Amino acid sequence: MRERSSSTAGQRGWSFYIIGAGLPNLPTTLSEARTYAERLFTYRTIGPLADADAQYALTRPAKEMGAEFSQEALTVLLDASGRYPYFIQEFGKAIWDAAPSTPFNEEDAEVAVSIGRSQLDAGFFSSRWGRATRRERGYLGAMADDGDAGSSTSTIAERLGVRVTALGPARAQLIDKGIIYSPAYGHVAFTVPGMSAFILRQQDD
C-alpha cells in the first residue's frame with residue numbers, strides 16, 4: 001500500500017516528498033529495492049564541506065558556549081577531518097573534552113585528532129572492516145594503496161595476481177555490504193573517506 005501510494009503521488013504530481021540521506025551507493029540500493037526509483041527520486045551529492053562551512057560547524061557551537069579556536073587549531077582539525085561532517089563532529093567533541101582551556105590551540109587540536117582517530121578506528125571503521133571476510137579484506141587491502149580516489153578493478157586484480165573475473169564475488173559482496181561502491185564502470189571506491197588509511201594502519205600493526 002505504501003509503495004502504491006508513493007507511486008500514485010508521483011504520477012499525479014502531488015506535493016509528496018521523501019527526504020533522506022545515505023552513502024554514495026544509495027542510488028543503486030534504491031533502484032534494486034524499487035522499480036523505476038530513478039524516476040521517483042532526485043539525488044544531490046553533498047561531499048566534503050567547503051572551508052567556510054567546516055569552520056562554522058566547529059566555531060559556532062563553541063562560541064555559544066564561550067569557547068574559541070585559534071586558526072592553527074582549526075587548520076589541524078579541518079585537514080585531519082577532510083571536511084567530512086561526521087569526522088568534524090568527532091574531532092570537535094574530542095577537543096572539547098581534552099583541551100584544558102580556551103582558546104583551543106594547535107597542540108589541543110593534535111591531541112583531539114589522535115583521540116578522535118582512535119574512536120573512529122574502534123567503531124566507525126572497524127565495524128566495516130569486521131563485516132569483511134578474509135578474501136574480501138584482501139580485496140580491500142589492494143584498494144587501499146590508491147587512497148580514497150578509488151581503484152580500477154583491473155589494477156586490483158593485477159595486485160592480487162588473479163583474473164578480474166575471479167574477484168567478481170568478493171566485489172559484489174563488498175558492494176552489498178555497503179563498504180565499497182562502483183562510481184563508474186570498471187572502478188570501485190570506498191563508501192566513506194579515510195577507510196583506505198585505516199586499512200593501511202591495520203596492515204602496519
Side-chain angles (χ1 to χ4, degrees), residues 21-30 32 45-49 51 54 57-58 75-95 97-98 109-205:
L23 296 173
N25 60 328
L26 178 62
T28 300
T29 301
L30 288 177
E32 292 174 350
T45 300
I46 298 176
L49 298 178
D51 282 353
L58 286 167
T75 298
V76 170
L77 295 179
L78 295 185
D79 286 348
S81 69
R83 295 153 185 79
Y84 186 61
Y86 180 67
F87 295 172
I88 291 173
Q89 180 181 351
E90 192 69 52
F91 294 149
K93 177 183 183 301
I95 198 170
D97 291 343
E110 291 172 348
V111 171
V113 168
S114 179
I115 294 172
R117 188 165 288 145
S118 295
Q119 292 294 325
L120 291 170
D121 283 358
F124 185 80
F125 293 122
S126 63
S127 64
R128 290 163 171 77
W129 184 246
R131 297 201 306 270
T133 65
R134 182 176 180 179
R135 184 179 180 83
E136 291 163 2
R137 288 182 180 184
Y139 190 100
L140 296 173
M143 286 180 61
D145 290 338
D146 297 316
D148 292 335
S151 311
S152 71
T153 52
S154 59
T155 298
I156 296 171
E158 182 179 348
R159 287 172 180 164
L160 294 176
V162 299
R163 293 178 180 274
V164 173
T165 52
L167 296 175
R171 174 183 177 277
Q173 286 299 315
L174 288 168
I175 290 176
D176 187 58
K177 292 175 181 179
I179 301 174
I180 66 173
Y181 74 109
S182 178
Y185 180 76
H187 287 75
V188 288
F190 294 107
T191 55
V192 295
M195 190 69 191
S196 57
F198 167 80
I199 293 171
L200 293 175
R201 288 196 293 275
Q202 296 300 110
Q203 293 175 341
D204 289 340
D205 290 342

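The first residue of the sequence shown is numbered 1, and numbering continues consecutively from there. Because the structure is predicted, anything quoted here is derived from the model rather than measured.
For residues 140-149, the pairs satisfying side chain to side chain donor-acceptor pair (under 3.5 Å) are Asp146-Ser151, Asp146-Arg159, Asp148-Ser196, with sequence neighbours left out.
In this pair, Phe198 and Phe125 present their aromatic rings parallel. The plane angle is below 30°, not in the 30 to 60° band. Below 30°, between 30° and 60°, or above 60°: for Phe87 and Tyr84 the angle between ring planes is above 60°, a perpendicular geometry.
The side-chain hydrogen bond (donor to acceptor under 3.5 Å, both in side chains) test applied to Arg135 returns no partner, not counting sequence neighbours.
Atom CZ in Arg163 sits 14.0 Å away from atom OG in Ser154 (nearest 0.5 Å). To the nearest 0.5 angstrom, Leu174 atom CG is 4.5 Å from Glu136 atom CD. With rounding to the nearest 0.5 angstrom, the CG atom of Asp121 is 11.0 Å from the OG atom of Ser127.
Looking at Thr153, its side chain never comes within 3.5 Å of a backbone N or O of His187 through a donor-acceptor pair. A donor-acceptor contact shorter than 3.5 Å is absent between the side chain of Ser114 and the backbone of Val111. Using modelled atom types, one side-chain atom of Arg137 and one backbone atom of Trp129 make a donor-acceptor pair closer than 3.5 Å. No donor-acceptor pair closer than 3.5 Å links the side chain of Arg83 to the backbone N or O of Leu49.
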Item to check | Stepwise side chain to side chain contact (heavy atoms under 4.5 Å, CB included) test for Leu77 and Ile88 | outcome: CA-CA 7 Å; Leu77 295 179; Ile88 291 173; over 6 Å; no
